[in-house]
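Since the structure comes first, as structure tokens, the remarks are kept for the end.
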2 protein chains.
Amino acid sequence: MPHPTADPPAAQKSAYHHGDLRRALLDAAEIELTESGVERFSLRGVAKRAGVSHGAPAHHFGDAGGLLTALAARGYARFIAAQDAREKAAADDPRAKLAASGLGYLDFAAANPALFRLMFASDRPDKSDPVLSAAADAAFEKLVRHIEAVSGRTPHTDKSAMSDVLAAWGVAHGLADLMIAGRLGRATFLDAMGDDARDRLFAEIILRAVPERSDGAP
Amino acid sequence: MPHPTADPPAAQKSAYHHGDLRRALLDAAEIELTESGVERFSLRGVAKRAGVSHGAPAHHFGDAGGLLTALAARGYARFIAAQDAREKAAADDPRAKLAASGLGYLDFAAANPALFRLMFASDRPDKSDPVLSAAADAAFEKLVRHIEAVSGRTPHTDKSAMSDVLAAWGVAHGLADLMIAGRLGRATFLDAMGDDARDRLFAEIILRAVPERSDGAP
DNA sequence: GAATAATCTAGACAGTGTCTAAATTGGCGT
DNA sequence: ACGCCAATTTAGACACTGTCTAGATTATTC
């Protein structure tokens, strides 16, 4: 007789009537998302995957948008983790850390293209949801701190530092989006490159966005 | 009794049985797209807008994907036109032309966000369609020629020139995608800027992607 | 143990994309 | 001018979707 709540190992799906749905639904939804994409995402398909009736998700997430909102929010945690992993392996230099963070951005997009699009290019998640917007803000603040470390100024008040934020975010995001759309790779030399050569190239391109400044004036 | 074909002014919808559907359907589809977005796009809604039965589009476009494919292809023509318009107004300098082209990229995205996403971030159009891929290639070749003019090398064979293509495309595309997602504007100073100040900032950021080189070595 | 709240099921409804058969129409040859 | 043919459009059907509702089942609490 396991506890009904807070029992990680006992969260097996073959419980009686309840399990910890919500997590099971989120997991099923992510599989559905990666297999069908955001555009062919089906709520009933998610319920079928979780082995539950088609009306079950409603009580946990309200409607399909609610599920996708929660899924996007959970995605930001892994998104930040992917960047952290790259940063940890990088040299102890602000610019190297920034470039590594950008490579983590690309790693995440490559590993979770459908989730990435759900997070950045879909109208279905409710952006006013507090937990989703908090997760998105955390990711943004991470970039802000990188730029602070590189430039010595805070983008919140310094205009040129905010320009660097825009520039760095723009390249990383653009390369990621073009990559998962399959546009980088045929007309370029990327396929012929090894992974590390590819990383070096992308890191160099990302660093172009925030040029080193010798003076201290804006 | 107007001609049934090739009669631009007489292409009124209140003809007998036929008009020039296909164009009417494409126009209706674009309205449907901008009002409902790619994700809530409805083929029956398009037919209703065109004042025609729900099965009518099938004979012209096969299925919904076919309509969206044709719509995306037509979008590329306007996409290129938006860039041309900016280039025409720019100074007679390769770098200025490149920056202007990037601003045209942003103009198009801002004016047609749903169409932009259909073209770049949707799986529904058939990318193997010859007319769509030709249109997309034309847009890409435009960028390639800009980089050639700036660097004096052709990206098709020169690796560093292709890096410039990646970098320039990346920033422009990333800024465009983030902009239409509504992410640029709250945490930045962009709203407080005038249009020309905004243009200057974006142009400067785009030009960071392709740095001026003094030497001639790769 | 009984009452109450939470959870899940099952059915219904309007709406979707695509398939099919039937109807309408224009153009063509004679 | 007429009739046939091919192209086009309509209308109905089907399976599927998301959401709503009432009802059944379970857990929790007094």
Side-chain angles (χ1 to χ4, degrees), chain A residues 1-7 10-26 28-29 32-33 35-71 122-126, chain B residues 1-7 10-26 28-29 32-33 35-71 122-126:
Chain A
M1 36 98 159
H3 294 170
T5 63
D7 203 346
Q12 302 179 0
K13 62 169 185 155
S14 69
Y16 18 63
H17 221 183
H18 314 270
D20 55 347
L21 253 180
R22 198 192 154 86
R23 176 177 299 272
L25 284 173
L26 280 172
E32 169 87 6
L33 189 70
E35 289 193 0
S36 306
V38 198
E39 294 167 339
R40 306 202 195 287
F41 180 87
S42 160
L43 186 58
R44 283 172 115 107
V46 172
K48 197 163 293 182
R49 267 181 221 273
V52 88
S53 92
H54 64 266
H59 212 270
H60 290 275
F61 299 101
D63 56 359
L67 208 179
L68 291 172
T69 300
L71 199 56
S122 174
D123 293 328
R124 302 194 65 178
D126 177 17
Chain B
M1 35 97 165
H3 294 170
T5 61
D7 204 344
Q12 302 178 359
K13 59 170 186 155
S14 69
Y16 18 62
H17 220 185
H18 315 268
D20 55 347
L21 254 180
R22 195 189 155 89
R23 175 176 301 271
L25 284 173
L26 280 172
E32 169 87 6
L33 189 69
E35 289 194 1
S36 307
V38 197
E39 294 167 338
R40 307 205 193 286
F41 179 88
S42 158
L43 185 58
R44 283 172 116 108
V46 172
K48 197 162 295 182
R49 268 180 221 275
V52 89
S53 91
H54 64 266
H59 212 269
H60 290 275
F61 300 100
D63 55 1
L67 208 179
L68 292 171
T69 300
L71 200 56
S122 174
D123 293 329
R124 303 195 66 180
D126 178 16

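Proteins come first, then strands; the chains are lettered A, B, ... in the order of their sequence lines, and each starts at number 1. None of the values given here were measured: they were computed from a predicted structure.
- In this entry the distance linking NE2 of H60(A) with P of dA6(C) reads 12 Å, nearest Å.
- DNA chain C is contacted by both G55(A) and G45(B); G55(A) maps to the nucleotide lying nearer its 5′ end (nearest heavy atom per residue).
- In this structure, CZ of F61(B) is placed 16 Å from C1' of dA7(D), rounded to the nearest angstrom.
- Taking atom CD of E32(A) as the reference point, atom P of dG18(D) lies 8 Å away to the nearest angstrom.
- Per the geometry, CZ belonging to R124(B) stands 7 Å off P belonging to dG17(C), to the nearest Å.
- OP1 or OP2 of dT17(D) has at least one side-chain nitrogen or oxygen of S42(A) nearer than 4.0 Å.
- The base of dG17(C) lies close enough to the side chain of R44(B) for a donor and an acceptor atom to sit less than 3.5 Å apart.
- If you take OG on S42(A) and NE2 on H54(A), they are separated by 11.0 Å, rounding to the nearest 0.5 Å.
- Rounded to whole Å, the distance from NE2 on H59(A) to P on dT26(D) is 17 Å.
- Not a single donor-acceptor pair, N or O on each side, falls under 3.5 Å between the base of dG15(C) and the side chain of H54(B).
- The interatomic distance linking L43(B) (CG) with dT10(D) (P) rounds to 13 Å, in whole Å.
- Ion pairing of E32(A) with R49(A) is present here, as a side-chain N (NZ or NE/NH1/NH2) and a carboxylate O approach within less than 4.0 Å.
- At a threshold of 4.5 Å between non-hydrogen side-chain atoms, the residues L26(A) and L67(A) count as touching.
- Between the OG1 atom of T69(B) and the CG atom of D63(B) there is a distance of 8.0 Å, given to the nearest 0.5 Å.
- Atom CG in D63(B) sits roughly 7 Å away from atom P in dC19(C) (whole-Å rounding).
- Look at NZ on K48(B): it is 18 Å from P on dT9(D), rounded to the nearest Å.
- At a threshold of 4.0 angstrom between heavy atoms, the contacts of A64(A) are confined to the sugar-phosphate backbone, with no base atom among them.
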